Engineer: 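First, the structure itself, so that you have it in front of you.
Chain letters run A, B, ... following the sequence lines, proteins first and then strands; every chain starts at 1. Bear in mind the structure is a predicted one, so any value in this text is a computation, not a measurement.
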There are 2 protein chains.
Amino acid sequence: MTNTIEKGAAALPLNTIIGGDCIDVMNGLPANSVDLIFADPPYNLQLKGQLHRPDNSKVDAVDDHWDQFSSFVAYDQFTKEWLKAARRLLKPNGSIWVIGSYHNIFRVGSALQDAGYWILNDVVWRKSNPMPNFRGKRFTNAHETMIWASKNEGAKYTFNYEALKALNEGIQMRSDWVLPICTGHERLKDANGDKAHPTQKPESLLHRILIGATNPGDVVLDPFFGTGTTGAVAKMLGREFIGIERESAYREVAEKRIENVRKFDRDALQVTASKRAEPRVPFGQLVERGMLRPGEELYSMNQRHKAKVRADGTLVGDNVKGSIHQVGAHLENAPSCNGWTYWCFKREGKTIPIDVLRQQIRAELQN
Amino acid sequence: MTNTIEKGAAALPLNTIIGGDCIDVMNGLPANSVDLIFADPPYNLQLKGQLHRPDNSKVDAVDDHWDQFSSFVAYDQFTKEWLKAARRLLKPNGSIWVIGSYHNIFRVGSALQDAGYWILNDVVWRKSNPMPNFRGKRFTNAHETMIWASKNEGAKYTFNYEALKALNEGIQMRSDWVLPICTGHERLKDANGDKAHPTQKPESLLHRILIGATNPGDVVLDPFFGTGTTGAVAKMLGREFIGIERESAYREVAEKRIENVRKFDRDALQVTASKRAEPRVPFGQLVERGMLRPGEELYSMNQRHKAKVRADGTLVGDNVKGSIHQVGAHLENAPSCNGWTYWCFKREGKTIPIDVLRQQIRAELQN
DNA sequence: GTGACAGGTGAATCACAAC
DNA sequence: GGTTGTGATTCACCTGTCA
């Protein structure tokens, strides 16, 4: 059960969403009382104009008032203050996770270090289904960065190595996590059917963090609670939570959501398990990695055609340019062609299918 | 061919490794002269006591916390200075890449923003074969972070979108790159058979950066040259390089290494171009050339609208007059419209996009 | 029930040449 | 330097509808 209470209570208000400014609220809570803090602060995106998809539909940008800061100085001041208040609440062996993007994460990371926190890892959330870059002007922004830090250097923080290894099919958990963004039924909607919060985080992310960095019964604080993903996952996993959220609309959605959560929901565990598909290897990687040289010639399996490799991983043949598949299809006058099995290269007089190189890369990726 | 010259030369010393402190050397080079900077600065923060302040005084270790604080101050000062010197050298439309780990990248990112650089992406190098965390106390540190930034907000930086898309087999390149660490024959060894440099970067990483963010003939500066991966890949790809390196042992290894590199064939360096590079064809030319008749009707791709061609190359639809783009945008009630891909004409019962006619004209212009 | 297909959407610092 | 007009640009999902 969750309750919204007024800020400033001296006791530890477990499993409660507190309204108000997170710095004020935190300053009213008892010191050294919290095992883990998960924080998803405003990113300070600094968006200017409107953005449209190639089909002319409008991108629903994060332009909420709470993400607006007048300058880096103002943002830094805000960051410094909430990090200081948060650090006071942490038990000596507690730890903090903060998530952000390139807009703010460097400010946050520096402020963490300056405040005396000790960074343990930066963890990259690689999104399996990110929004593309619609104008082709930059790389797809396909990840966010999380920083995991202890209260002090040398602290005996909680790290459930074996549990994480088990989650990762017996292999040591790495600092990059591939997880989908929050969509579908998990994404909370308001009365109009619009998304209730612009930046709701997936439960799988919190699941992994709480399994890895807390024990059952631990107290988890989220000072930017939003619609309560941290609280929902904490309840499922038998951890206690404290949420702080300024916007009453978010608090109401979160209350209802957490009310409906059952502890130890088996489904949530399965969401986290990673699917292992055969990794896609772009042909360009053979060139980047020096396995094939730009300018080198490839020969078709039937020896009737040849083409030259270019530095961007495309081929040039007689009046054709394009991918290994496109050039193969054109030369064979076929509707399609599997370039991987069509093309060969020569080494020491031997003709070798390029697919051999792809298999080499895949073998590396298995480890 | 590469030469080591003394620092401070006023002219641009292309394809040269310069000995000396990178800040001093950069301050002696001409402003606005470099297209790209790749920097792999010292990570440093672990090496307490070995860090020197800019005035060369040594940082004292008083206690852990003080030492940590003073280390950050000194590191920030160093970072600020080399980033400032580097920014002076960048052409207005040049860009910079900096690589680091969680020990230093947050300091670097903040300093970049404070110096006026504009971050374009943070890119994660996800190592396919990282060193495991032997003690099981943290996540396997399986990635490093790169920051890509332009000299100013709004600068027209180079981004070869199509070439990168080709490298990735037709899918937009993401901000997370999976590449192996530098091992095997690529890893340079010294006379004793030990690795010549502790943090040699893989050539594949530089290949992707240089293909994506420079054009052939561009000048690439690396102020922390080490054993010269940047120079080697720049030479292969027909870019000019300038390296700065303080340690003579590294310079010697780099000299030898780059000497042995062969540049790729000119045509192999050609890369898939963007459509913007193609010559502009006014729609009116299709009418002038008789490919379309005045009075002829065009149909929208979705068959929902039609419009009539006028002799001056404008269209008339229901209550609209204007260019193919303007009329399309109006009829679709869209903020903009690419008329070339929106409109079709009819010939012998077939519906054909007008872009086919533009391609015919462009093909003629090639000859 | 099932499959095909159309439609929608996600923390985004997202154009540029000609006049 | 400001204004105007051309025309370039998307990936991996999810949902709901209809055959």
Side-chain angles (χ1 to χ4, degrees), chain A residues 40-64 66-69 72 99-105 125 127-145 178 180-187 189 193-195 197-202 224 226, chain B residues 93 113 117-122 148-150 153-157 159 161-162 165 168 170-175 274-284 302 313-314 322-329 334-343 354-355 358:
Chain A
D40 183 10
Y43 288 9
N44 187 24
L45 287 187
Q46 310 165 67
L47 302 178
K48 306 255 157 53
Q50 262 296 334
L51 181 64
H52 295 267
R53 298 187 181 79
D55 65 3
N56 274 319
S57 62
K58 211 173 83 178
V59 174
D60 185 15
V62 178
D63 51 6
D64 305 73
W66 48 255
D67 197 47
Q68 316 285 338
F69 291 83
F72 278 131
I99 185 166
S101 68
Y102 67 85
H103 308 84
N104 71 323
I105 199 65
W125 169 27
K127 304 178 184 184
S128 56
N129 50 348
M131 184 161 72
N133 185 291
F134 295 117
R135 308 301 292 266
K137 291 291 146 187
R138 303 183 179 190
F139 299 98
T140 308
N141 215 329
H143 74 277
E144 294 189 27
T145 301
V178 182
I181 60 176
C182 183
T183 58
H185 289 119
E186 190 186 327
R187 188 84 195 213
K189 303 292 194 300
D194 299 324
K195 56 190 175 195
H197 192 282
T199 70
Q200 187 184 339
K201 296 293 175 289
F224 306 97
Chain B
N93 293 330
Q113 292 177 313
Y117 291 96
W118 191 248
I119 298 182
L120 299 167
N121 277 113
D122 60 334
W148 178 39
S150 61
E153 180 180 0
K156 291 178 190 158
Y157 54 90
F159 183 59
Y161 176 75
E162 291 294 342
K165 196 170 163 179
N168 199 30
I171 293 164
Q172 191 175 85
M173 188 75 80
R174 299 167 40 120
S175 59
S274 78
K275 284 193 190 152
R276 283 219 188 266
E278 308 245 318
R280 192 176 153 264
V281 177
F283 176 71
N302 57 23
T314 55
S323 70
I324 51 172
H325 316 295
Q326 289 165 335
V327 174
S336 72
C337 172
N338 183 347
W340 289 107
T341 53
Y342 181 74
W343 295 107
I354 61 173
D355 204 37
R358 180 169 67 161

Engineer: Could you tell me whether A:Ser101 contacts a base, only the sugar-phosphate backbone, or nothing, with contacts defined as non-hydrogen atoms closer than 4.0 Å?
Structural biologist: nothing

Engineer: Between C:dT9, D:dG7, C:dA12, spot the one nearest the side chain of A:Asp55, thanks.
Structural biologist: C:dT9

Engineer: How is B:Gly339 classified with respect to the nucleic acid when contacts are heavy atoms under 4.0 Å: base, sugar-phosphate, or nothing?
Structural biologist: nothing

Engineer: Which letter, B, S or -, goes with each nucleotide of nucleotides 1-8 of chain C from 5' to 3', with contact meaning a protein heavy atom under 4.0 Å?
Structural biologist: --------

Engineer: Whole Å only: how far is the CZ atom of A:Arg53 from the P atom of D:dC13?
Structural biologist: 16 Å

Engineer: Is the shortest side-chain heavy-atom distance between A:Lys48 and B:Glu153 below 4.5 Å?
Structural biologist: yes

Engineer: Using atom P of each nucleotide, how far apart are D:dG7 and C:dC19 to the nearest Å?
Structural biologist: 13 Å

Engineer: Just to confirm, is there a sub-4.0 Å distance from OP1 or OP2 of C:dA11 to any side-chain nitrogen or oxygen of A:Lys201?
Structural biologist: no

Engineer: Quick one, B:Tyr161 and A:Asn133 - any side-chain contact, counting heavy atoms below 4.5 Å?
Structural biologist: no

Engineer: Side chain of B:Ser323 only, please: which of D:dT6, D:dT10, C:dA12 is the nearest?
Structural biologist: D:dT6

Engineer: Taking syn as a glycosidic torsion within 90° of 0 and anything else as anti, which one is D:dT6?
Structural biologist: anti

Engineer: With respect to the phosphate group of C:dT13, does any side-chain polar atom (N or O) of A:Asn141 fall under 4.0 Å of OP1 or OP2?
Structural biologist: yes

Engineer: Please, what dot-bracket string fits DNA chain C when only Watson-Crick and G-U pairs with both distances under 3.5 Å count, crossing ones use [ ] and pairs to another strand use |?
Structural biologist: .|||||||||....|||||

Engineer: Can you check the B:Ile119 CD1 to C:dC14 P distance for me, whole Å?
Structural biologist: 14 Å

Engineer: Could you tell me whether the side chain of A:Arg135 and the main chain of A:Leu51 form a donor-acceptor pair under 3.5 Å?
Structural biologist: no

Engineer: With heavy atoms under 4.0 Å as the rule, sort A:Gln46 into base, sugar-phosphate or nothing.
Structural biologist: base

Engineer: Check this one for me: any side-chain N or O of A:Lys127 less than 4.0 Å away from OP1 or OP2 of C:dG10?
Structural biologist: no

Engineer: When you compare the side chain of A:Gln46 with that of A:Phe69, does any pair of heavy atoms fall below 4.5 Å?
Structural biologist: no

Engineer: Hey, is A:Phe134 doing a stacking thing with C:dC14, by the 5.5 Å centroid and 30° angle criteria?
Structural biologist: no

Engineer: For the side chain of A:Pro54, counting heavy atoms from C-beta on, which of D:dT9, C:dA11, D:dA12 is nearest?
Structural biologist: D:dT9

Engineer: First locate atom CH2 of A:Trp125, then atom NZ of A:Lys201, and finally report the distance between them rounded to the nearest 0.5 Å.
Structural biologist: 6.0 Å

Engineer: Looking across every strand, which nucleic acid part, if any, lies under 4.0 Å from A:Arg187 by heavy atom: base, sugar-phosphate, or nothing?
Structural biologist: sugar-phosphate

Engineer: Distance check needed: D:dC14 P versus A:Lys189 NZ, whole Å only.
Structural biologist: 12 Å

Engineer: Rounded to the nearest 0.5 Å, how far apart are OG1 of A:Thr199 and CH2 of A:Trp66?
Structural biologist: 4.5 Å

Engineer: Out of C:dA15, C:dA12, D:dG5, which nucleotide sits closest to the side chain of B:Gln326?
Structural biologist: D:dG5

Engineer: Using the C1' atom as the point on both nucleotides, what is the distance between C:dG10 and C:dC14, in whole Å?
Structural biologist: 15 Å

Engineer: Looking at A:Asn56 and B:Ala334, would you say the former's side chain and the latter's main chain have a donor-acceptor pair under 3.5 Å?
Structural biologist: no

Engineer: Could you tell me whether the phosphate oxygens of C:dC14, OP1 or OP2, come under 4.0 Å of any side-chain nitrogen or oxygen in A:Asn133?
Structural biologist: no

Engineer: Quick check on DNA chain C: between A:Arg138 and A:Ser57, whose nearest nucleotide comes earlier from the 5' end?
Structural biologist: A:Ser57

Engineer: If you only use heavy atoms from C-beta on, which nucleotide in C:dC14, D:dT10, D:dT9 is closest to the side chain of B:Lys275?
Structural biologist: D:dT9

Engineer: Roughly how many Å apart are C:dA17 and D:dA8, using the P atom of each and rounding to a whole number?
Structural biologist: 13 Å

Engineer: Could you say whether A:Thr183 or A:Thr140 is positioned toward the 5' end of DNA chain D, judged by the nucleotide with the nearest heavy atom to each?
Structural biologist: A:Thr140

Engineer: Counting only side-chain heavy atoms from C-beta out, which of C:dG10, C:dA11, C:dA17 sits nearest to A:Pro132?
Structural biologist: C:dG10

Engineer: Tell me: CH2 of B:Trp148 to P of C:dT13, nearest whole Å?
Structural biologist: 11 Å

Engineer: Quick one: on DNA chain C, does A:Pro41 or B:Arg280 contact a more 5' nucleotide (nearest heavy atom)?
Structural biologist: A:Pro41

Engineer: With a 4.0 Å cut-off on N to O distance, would you call B:Lys275 and B:Glu162 a salt bridge?
Structural biologist: no

Engineer: With the side chain of A:Lys137 defined as its heavy atoms from C-beta on, choose the nearest nucleotide among C:dA12, D:dC14, C:dC16.
Structural biologist: C:dC16

Engineer: What nucleotide among C:dC16, C:dG10, C:dT13 has an atom nearest to a side-chain atom of A:Met131?
Structural biologist: C:dG10

Engineer: At 4.0 Å (heavy atoms only), tell me whether A:Pro130 reaches a base, stays on the sugar-phosphate, or touches nothing.
Structural biologist: base

Engineer: Specify the separation, in whole Å, of atom CG of A:Leu51 and atom P of C:dC14.
Structural biologist: 8 Å

Engineer: How is B:Cys337 classified with respect to the nucleic acid when contacts are heavy atoms under 4.0 Å: base, sugar-phosphate, or nothing?
Structural biologist: base

Engineer: Is the phosphate of D:dA8, meaning OP1 or OP2, less than 4.0 Å from a side-chain N or O of A:His52?
Structural biologist: no

Engineer: Does a side-chain N or O from B:Lys165 land closer than 4.0 Å to OP1 or OP2 of D:dT10, or not?
Structural biologist: yes

Engineer: Judged by each residue's nearest nucleotide on DNA chain D, which is more toward the 5′ side, B:Gly170 or B:Asn338?
Structural biologist: B:Asn338

Engineer: If you measure from CG on A:Asp67 to CG on A:Asn44, what distance do you get to the nearest 0.5 Å?
Structural biologist: 6.0 Å

Engineer: Please report the distance, rounded to the nearest Å, between CZ in A:Arg135 and P in C:dC16.
Structural biologist: 9 Å

Engineer: Counting only N and O atoms by type, is there a donor-acceptor contact under 3.5 Å from the side chain of B:Asp355 to the main-chain atoms of B:Thr341?
Structural biologist: no

Engineer: Between B:Gln172 and B:Lys165, what is the shortest heavy-atom contact and its length?
Structural biologist: N-CG, 3.8 Å

Engineer: Check if the side chain of A:Asp40 and the base of C:dA11 share a donor-acceptor pair of N or O atoms closer than 3.5 Å.
Structural biologist: yes

Engineer: Considering every strand and a 4.0 Å limit on heavy-atom distances, what is the contact class for A:Asn44: base, sugar-phosphate, or nothing?
Structural biologist: nothing

Engineer: Kindly give the heavy-atom pair with the smallest separation between A:His103 and A:Phe72, and that separation in Å.
Structural biologist: O-CE2, 4.2 Å

Engineer: Counting only distance, no hydrogens or angles, is the base of D:dA8 paired donor-acceptor with the side chain of B:Ser336 under 3.5 Å?
Structural biologist: yes

Engineer: Round to a whole Å and report the spacing from CD1 of B:Ile171 to C1' of D:dT10.
Structural biologist: 11 Å

Engineer: With a cut-off of less than 4.0 Å, is there a side-chain N or O of B:Tyr157 near OP1 or OP2 of C:dC14?
Structural biologist: no

Engineer: Measure CD/B:Glu162 against C1'/D:dA8 and give the value in whole Å, please.
Structural biologist: 10 Å

Engineer: Determine the interatomic distance between C1' on C:dG1 and the same-named atom on D:dA19; round to the nearest Å.
Structural biologist: 13 Å

Engineer: Would you say A:Phe139 and B:Trp148 make side-chain contact, with heavy atoms under 4.5 Å?
Structural biologist: yes

Engineer: Kindly give the heavy-atom pair with the smallest separation between A:Asp60 and A:Lys195, and that separation in Å.
Structural biologist: OD2-CE, 3.1 Å

Engineer: Side-chain N or O of B:His325 versus OP1/OP2 of D:dG5: is the shortest distance under 4.0 Å?
Structural biologist: no

